[in-house]
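Throughout, protein chains are lettered first and strands after them, A, B, ... in sequence-line order, and every chain is numbered starting at 1. It should be emphasised that the depicted structure is a prediction, and the values quoted were computed from it without experimental measurement. Just so it is clear, the values below take in all heavy atoms, side chains as well, and ignore hydrogens, waters and symmetry mates.
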2 protein chains.
Amino acid sequence: MRADARRNRDRIVEIARALFKDKGFSGVSMDEVAKAAGVGAGTLYRHFPTKEALYDAVLEAWTDKVKAAVDRALGLDGSARDKLVSWFGDYVDLLNGHKGAAARITLALGDPDSPFVAKCTRYLGANQRVIDELGPALRPGVSAMEISRLVGAVAAVADASALDPDEVGSMLGVVADGLVAA
Amino acid sequence: MRADARRNRDRIVEIARALFKDKGFSGVSMDEVAKAAGVGAGTLYRHFPTKEALYDAVLEAWTDKVKAAVDRALGLDGSARDKLVSWFGDYVDLLNGHKGAAARITLALGDPDSPFVAKCTRYLGANQRVIDELGPALRPGVSAMEISRLVGAVAAVADASALDPDEVGSMLGVVADGLVAA
DNA sequence: ACCTGAACACCGTTCAAGT
DNA sequence: ACCTGAACACCGTTCAAGT
């Protein structure tokens, strides 16, 4: 990759991140990104084949934060339910301010062709770790996919309806209680 | 309303229902509906100010079915959890085959300006009845809005990811368990 | 009153032409 | 190699002109 191309790519991602943060996924057009980054539309698409692929690059840091959040939750002193609530809450917070991201990642969970595969794998892996460590405290037979979808679904409505933290916390509490129930 | 207008309106809804059922909300364009119904685009918009308003008319029967489903579930012999699972399952089934409807109704829950207000009111009312009748068996302080959003969220991902009934049932079981937990 | 259909505004994506 | 920007395809919605 040529140096000028690299610079273009980096600037695009940086500028796109600011725009998406401000207006959400559907509030920003590809033309807007191209203009703001000072490149032609073709350049944008040369680096990112779709708008979703660009969004995936914008959310790059997310992946590491997911790992950190599970680590923290699992290291907590407390019941299985407490750990779940902490982890779920952090997960939703991680997507807070990225309007449209929660729904997109959740819908990509079963789709191997989505630009978000890497993120999905991370997220599923995180929930698998939760299952492995919390083991018998959880409802028997529960899968990482199921937990991921449940929490992702809550995150998606929380995002789309702009719920406040109290409401989200309450919903996550219901899910956590359901997951520790015999 | 003139007789010819009435006939046009009815035909539009009927044809649109078939198209939406087949291809989902985003799979059908307003032009397609107009063409199939044999009217101009202007006529379509004279009867329905937005695509969502048309969709609301298409889902007309839904409202009564919601009432029937709660009635049936509350009349069941069984635990509070059983009743919840039955009602939630029926709710998701009611939206089955209407791709895009679950998400739209769930997102409209807090929005008084949505074309789906009537449906939301019905749905919220149904969950309020559940709370009133199941009373102390449920988690204290739970609201109709919270239940509606939780089940709606599950319905939305089930719809968007085309989950099979087993997976949906399992997720609804988690939610139901969470709602009856102390 | 009600209808038609061309036109508008917007957006994701592509591609011929340039450097 | 990489870039530009006009053009394409599509879609929700509007509106001037007709009956």
What is the distance from [atom1] of [X] to [atom2] of [N], rounded to the nearest Å?
X	N	atom1	atom2	value
A/R46	D/dA1	CZ	C1'	6 Å
B/K35	D/dC10	NZ	C1'	12 Å
B/F48	D/dG12	CZ	P	15 Å
A/E32	C/dC11	CD	P	8 Å

Between [X] and [Y], is any pair of side-chain heavy atoms under 4.5 Å apart?
X	Y	result
A/E14	A/R9	no
A/V39	A/R11	yes
A/R104	A/F25	yes

Could you tell me if B/S114 and B/E52 have a donor-acceptor pair between their side chains, going purely by distance under 3.5 Å?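 Their side chains do not contain a donor-acceptor pair, so the 3.5 Å distance test is not met.
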
Sequence neighbours excluded, every pair satisfying salt bridge (Lys or Arg N to Asp or Glu O under 4.0 Å) that has a member inside residues 61-74 of chain A: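 Every salt bridge (Lys or Arg N to Asp or Glu O under 4.0 Å) pair that includes a residue of residues 61-74 of chain A, provided the two are not neighbours, is A/K67-A/D71, A/D71-A/R129, A/R72-A/D90.
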
Write out a two-atom table: protein N or O, nucleotide N or O from nucleotides 13-15 of chain C, distance below 3.5 Å.
unit_1	atom_1	unit_2	atom_2	d
C/dT13	OP2	A/Y45	OH	3.1
C/dT13	OP2	A/K51	N	3.0

Residues within residues 10-29 of chain B bordering DNA chain D, heavy-atom distance below 4.0 Å: B/V28, B/S29

How is the base pairing of DNA chain C summarised as a dot-bracket string, given the Watson-Crick and G-U wobble criteria with both distances under 3.5 Å, [ ] for crossing and | for another strand? ||.|||||...|||||.||

Euclidean distance, [Y] [atom2] relative to [X] [atom1], rounded to 0.5 Å:
X	Y	atom1	atom2	answer
B/E133	B/L74	CD	CG	4.5 Å
A/I15	A/F20	CD1	CZ	12.5 Å
A/D177	A/L84	CG	CG	9.5 Å

Would you tabulate the nitrogen or oxygen pairs shorter than 3.5 Å linking the protein to nucleotides 16-19 of chain D?
none

Take the angle between the ring planes of A/Y123 and A/Y91 and call it parallel below 30°, perpendicular above 60°, tilted in between. parallel

Below 4.0 Å: OP1/OP2 of C/dC2 and any side-chain N or O of B/R2: no

Any side-chain N or O of B/H47 less than 4.0 Å from the OP1 or OP2 oxygen of C/dC3? yes

Name all residues meeting the side chain to side chain contact (heavy atoms under 4.5 Å, CB included) criterion together with A/A160; count only those two or more places apart in sequence or in a different chain, and write none if there are none. B/L107

Would a hydrophobic clustering, with Ile, Leu, Val, Met, Phe, Trp and Tyr connected at side-chain separations under 4.5 Å, put A/L172 with A/L109? yes

